[in-house]
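Order of appearance sets the numbers: ligands from 1, and atoms from 1 within every ligand.
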Amino acid sequence: MHVCAVCNGLRLLDARCLTCSAIAEDNGKASDWMGPYAPYEPIEVEYAANQQEAVASCRHVAYCPYCVNTFEVAVTEEMD
Ligand SMILES: [Zn+2]
Ligand SMILES: [Zn+2]
C-alpha cells in the first residue's frame with residue numbers, strides 16, 4: 001500500500017520556495033484546505049509545473065515564511 005512519508009511523520013516535507021529557494025514549511029495536506037469548513041482564508045495555490053497525476057502522490061501545502069507565499073507540493077507516496 002502506498003503511504004505518504006510526510007503525513008506519517010517519517011520525514012519532513014522536502015520543499016523549497018519557488019521564489020527564494022528557502023526551505024518551506026509543511027502546512028498540511030492540500031485536501032484539508034479545500035473543505036467547506038476550512039479554518040483558513042482562501043489561498044492562492046500555485047501548482048507545481050511538473051506534477052504527474054499518474055504517480056501516486058499526496059499533495060501538501062508548503063509555506064515560505066520569507067515570501068509569505070503558499071504553494072502546493074506533490075509528495076510521491078512510497079510503498080509501505
Ligand atoms: Zn501527505
Ligand atoms: Zn520564499
Kindly say whether L10 contributes a backbone atom to a donor-acceptor pair with the side chain of N8 at under 3.5 angstrom? no
Mind running side chain to side chain contact (heavy atoms under 4.5 Å, CB included) on L12 and V6 for me, showing each step along the way? CA-CA 6 Å; L12 296 172; V6 179; over 6 Å; no
Are F71 and V75 in one and the same hydrophobic cluster, where Ile, Leu, Val, Met, Phe, Trp and Tyr link if side-chain heavy atoms are under 4.5 Å apart? yes
Here's a test for you: under side-chain contact (heavy atoms from CB on, under 4.5 Å), which of R59, H60, K29 qualifies with C4? H60
So the angle subtended at the Zn ion (ligand 2) by C64 atom SG and C17 atom SG, rounded to 10 degrees, is 110°
Rounding to 10°, state the angle centred on the Zn ion (ligand 1) that links NE2 in H60 with SG in C7. 110°
Within rounding of 10°, what is the angle whose vertex is the Zn ion (ligand 2) and whose arms end at SG of C20 and SG of C67? 110°
